[in-house]
Amino acid sequence: MNFEIKNVRNIGISAHIDSGKTTLTERILYLTKRIHKIHEVRGKDGIGATMDSMALEKERGITIASAATYCTWRNHEINIIDTPGHVDFTMEVERSLRVLDGAILVLCAVGGVQSQSITVDQQMKRYNIPRIAFVNKCDRSGANPFKVIGQLREKLGHNAVALQIPIGLESGHEGIVDLVSMKALYFEDEYGQKVKTDEIPSHLLDQAAEKREELLEAASVFSDELTEAILEEREVSESLLRNAIRRGALKRELTPVLMGSAYKNKGMQPLLNAVTDYLPSPLDVESQALDISNEEAPVRLEADDSKPLVALAFKLEDTPYGQLTYIRTYQGALNKGDTVYNVRSGKKIKIGRIVRMHADKMEEVSKIPAGFIGALFGVDCASGDTFAKPGLSLSMSSMYIPDPVITLAVKPADYKSETNMSKALNRFTKEDPTFQTHFNPETGETLISGMGELHLDVYLERMKREYDVSLHAGEPQVAYRETITRHSDFDYTHKKQTGGAGQFGRVIGYIEPAETEFEFENKVSGGNIPTIFIPACEKGFKECMKKGPWMKFPVTGVRVALTDGSAHSVDSSEMAFQAAARGSFQQAYHKAGPVLLEPVMKVVVETPDEYQGNVMGSLNQRRGVIIGVHDEGISTVIEAQVPLAEMFGYSTVLRSLTQGKALFTMEFEAYKEVPSSVLKEIEKKLQQSAGPKTAAR
């Protein structure tokens with residue numbers, strides 16, 4: 001870690017599934033001499049890519065957990081996090097982008113901007129991450145990088161501009177033309193290590209001149225000096241153009257686009273150069289913490305070792321040596337032997353072992369300087385905790401955590417499995433905030449919730465392999481919600497006399513639909529309900545939101561207004577007003593037109609043209625609404641909105657419909673009202689599973 005902070009790059013590699021993120025990372029590690037042999041994601045050697053260290057990742061050929069590594073290029077240190085493409089593991093992308101300064105958005109030259117590309121781009125926007133785009137797979141049949149640049153502009157709203165043009169496409173892809181230096185680059189030998197610089201081929205001169213003009217025009221917006229040079233028709237130096245591109249990229253107002261083929265080892269060196277030239281160092285990024293002791297006022301952090309420490313624990317992992325905590329230092333250095341303060345828990349922690357990660361391998365270090373990423377052993381903390389110098393009450397803002405949409409009941413087969421399952425669930429819920437678990441006392445079942453079938457399937461498999469758990473899994477359950485559709489008044493008195501002091505509380509008001517999950521408004525005047533009891537009323541109403549009075553699902557989108565009431569000088573208490581609030585909610589809820597909401601997913605299917613009719617038919621059968629159909633080369637892309645309840649087991653159905661040639665992705669879109677015909681089926685199922693106790697409408 002002996003690098004100047006200005007020469008450090010913390011970057012993520014993010015993309016739609018199967019765009020080539022992990023293959024790209026493997027090539028980067030090979031070129032920077034971090035590894036000495038390239039392994040393919042689905043390699044015949046059975047080893048799998050370096051960054052896919054989990055056995056399940058090697059078998060399935062997918063990335064499940066984000067993995068950190070680092071390498072050196074042109075006297076710059078690059079910390080890299082390779083993230084999953086499957087939306088089921090969106091939390092891995094979320095937490096990685098939270099601590100990174102820049103990113104490479106990888107796009108397939110054939111598929112272009114796909115559904116997960118849009119999701120990843122939204123995550124980058126959430127954390128203001130400057131990015132460069134890399135159009136991969138230029139060697140594939142149907143590759144068209146300029147169509148992809150058009151999609152970056154239209155679908156994602158990027159000011160995307162090409163820094164290169166390809167020399168040949170598909171099987172004839174030989175290299176690239178660099179529009180900054182106006183030279184042709186060819187990548188020779190098996191792993192593309194030898195870069196041959198040549199003159200631009202004559203048949204590409206016109207296209208190169210045209211694209212260079214576009215680049216100069218786009219970059220000149222960010223540099224008066226460059227604008228002057230263009231107007232005066234002076235020669236534009238490479239450094240002048242690079243500085244202008246960098247300024248635009250750091251402001252997120254320009255997306256430089258590079259191209260090549262990771263699998264064929266073409267275009268890797270210029271991409272690494274672009275990372276060092278155009279993506280920010282920790283000094284270029286404005287990081288803020290919240291001052292807990294001063295009403296959470298924002299405080300700007302400086303990537304300086306001499307300043308007081310502020311660091312964020314962004315990922316936890318259980319290892320044979322204890323809990324491994326991935327950490328990013330924003331201000332100050334974290335040294336071995338230091339005592340730090342966990343701002344959330346208020347506990348002081350002594351720092352023991354510090355390591356740097358290279359996928360599943362680690363290297364001992366004595367400190368993590370400001371702006372770097374490392375990991376700690378033997379520290380008890382939660383994901384998202386802030387570590388600071390003792391006496392400093394600064395906290396980093398939390399990560400966005402999406403709500404789970406699917407639930408599964410699991411039951412251990414024997415006592416040994418029950419103990420091991422408990423250990424596994426404790427670990428997994430601590431590591432992954434989108435994986436949640438709770439016990440249902442009515443059925444005696446343990447319920448696990450997550451972001452999709454694949455998400456839960458992976459955790460079930462890990463329980464079997466890593467904890468030797470034998471279990472029975474029930475049918476997947478959808479995370480339904482209840483809401484109300486109209487205004488409804490309440491006037492409820494809670495009265496109880498049991499000898500001695502009784503209980504009394506009267507509440508008057510109304511409930512009505514709201515845009516947010518829950519709103520509470522106190523309109524009581526004249527002290528009819530003493531101020532001390534108002535929070536108890538709010539607490540009572542909030543408790544009712546956890547389980548609706550109608551179908552026992554969580555309630556959302558309700559505004560409660562308290563307008564009047566009365567209290568007793570002796571018998572009124574917080575407990576009495578909580579009970580009054582619960583009773584009034586029950587009273588008003590059934591008159592407020594309750595409806596059931598179900599999660600509706602955005603489903604994107606990519607299929608060969610000949611199966612288009614079959615696929616559309618299968619989506620319609622599942623209550624799907626087709627949003628759009630468009631051609632992508634020899635494939636058809638079908639976008640639809642389909643209720644999650646109808647999507648269980650769809651991967652098997654799609655395989656049989658298309659002879660295994662189609663792919664689909666699915667992510668949460670919105671909650672929508674359940675049709676009355678489907679509602680009757682749900683009510684019937686609930687009555688069968690719960691017997692006479694199930695509430696009817």
Pairs meeting criterion salt bridge (Lys or Arg N to Asp or Glu O under 4.0 Å) with involvement of [range], two or more places apart:
range	value
residues 103-119	none
residues 249-276	Asp139-Lys264
residues 98-127	Glu94-Arg126, Asp101-Arg328, Asp121-Lys125, Asp121-Arg131

Do [X] and [Y] meet the criterion of a side-chain donor-acceptor pair at a distance under 3.5 Å?
X	Y	answer
Tyr459	Asp432	yes
Ser383	Glu431	no
Thr607	Thr636	no

Between [X] and [Y], is there a donor-acceptor pair closer than 3.5 Å when you use the side chain of the first and the backbone of the second?
X	Y	result
Arg27	Asn265	no
Asn136	Ala262	yes
Thr23	Gly20	no
Ser19	Ala15	no
Arg247	Phe222	yes
Thr25	Lys21	yes
Glu482	Phe553	yes
Asn10	Asn79	no
Arg9	Leu279	yes
Asn620	Met616	yes

To the nearest 0.5 Å, tell me how far [X] [atom1] sits from [Y] [atom2].
X	Y	atom1	atom2	value
Phe435	His455	CZ	NE2	7.0 Å
Gln436	Ile401	CD	CD1	8.5 Å
Ile373	Leu100	CD1	CG	5.0 Å
Phe187	Gln269	CZ	CD	5.5 Å
Leu185	Gln164	CG	CD	7.5 Å
Met601	Ile406	CE	CD1	8.5 Å

Verdict with reasoning, Glu681 to Val674, per side-chain contact (heavy atoms from CB on, under 4.5 Å): CA-CA 11 Å; Glu681 287 295 313; Val674 173; over 6 Å; no
Of all residues at least two apart in sequence or in a different chain, which pass the side chain to side chain contact (heavy atoms under 4.5 Å, CB included) check with [X]?
X	result
Asn614	Tyr611, Leu657
Thr437	Leu425, Thr429, Thr446, Ile448
Asn144	Phe146, Lys147

When you compare the side chain of [Y] with that of [X], does any pair of heavy atoms fall below 4.5 Å?
X	Y	answer
Tyr278	Leu250	no
Ser651	Glu453	no
Val603	Phe664	yes
Leu24	Leu271	yes
Leu272	Thr276	no
Ile682	Leu596	yes

Who are the side-chain hydrogen bond (donor to acceptor under 3.5 Å, both in side chains) partners of [X], not counting sequence neighbours?
X	result
Ser14	Thr83
Thr516	Glu519
Gln151	Glu632

Test log, rule side-chain contact (heavy atoms from CB on, under 4.5 Å), inputs Ile11 and Ile78: CA-CA 7 Å; Ile11 66 161; Ile78 305 172; 3.9 Å; yes
Pairwise side-chain hydrogen bond (donor to acceptor under 3.5 Å, both in side chains) hits with a residue in residues 174-186, at least two apart: Asp178-Ser181, Lys183-Glu199
For the residue pair [X] and [Y], what are the closest heavy atoms and their distance?
X	Y	value
Gly474	Leu408	O-CD1, 3.2 Å
His173	Gly168	ND1-O, 3.0 Å
Ser117	Gly112	OG-O, 4.0 Å
Thr658	Leu654	OG1-O, 2.8 Å
Gly102	Pro280	CA-CD, 4.2 Å
Ile176	Pro270	CD1-CG, 3.8 Å

Show which side-chain atoms of residues 637-650 pair as donor or acceptor with protein atoms under 3.5 Å away, not counting sequence neighbours.
| from | atom 1 | to | atom 2 | distance (Å) |
| --- | --- | --- | --- | --- |
| Gln641 | OE1 | Lys672 | NZ | 2.8 |
| Gln641 | NE2 | Glu669 | OE2 | 3.4 |
| Glu646 | OE2 | Arg623 | NE | 3.1 |
| Glu646 | OE2 | Arg623 | NH2 | 3.3 |
| Tyr650 | OH | Ser618 | OG | 2.9 |

Evaluation steps, side chain to side chain donor-acceptor pair (under 3.5 Å), between Gln114 and Glu606: CA-CA 10 Å; Gln114 295 162 285; Glu606 294 178 44; 2.7 Å; yes
Stepwise side-chain contact (heavy atoms from CB on, under 4.5 Å) check, Tyr480 with Leu597: CA-CA 6 Å; Tyr480 290 107; Leu597 304 175; over 6 Å; no
Only distances under 3.5 Å count here; give the side-chain donor-acceptor pairs of residues 204-216 to other protein atoms, sequence neighbours excluded, each with its distance to 0.1 Å.
| from | atom 1 | to | atom 2 | distance (Å) |
| --- | --- | --- | --- | --- |
| Arg212 | NH1 | Leu179 | O | 2.8 |
| Arg212 | NH1 | Val180 | O | 2.9 |

Asp403 vs Val405, side-chain contact (heavy atoms from CB on, under 4.5 Å): CA-CA, chis, key distance, verdict: CA-CA 6 Å; Asp403 290 326; Val405 294; over 6 Å; no
Of Leu163, Val161, Ile132, Val135, the residue whose pairing with Val257 passes side-chain contact (heavy atoms from CB on, under 4.5 Å): Val135
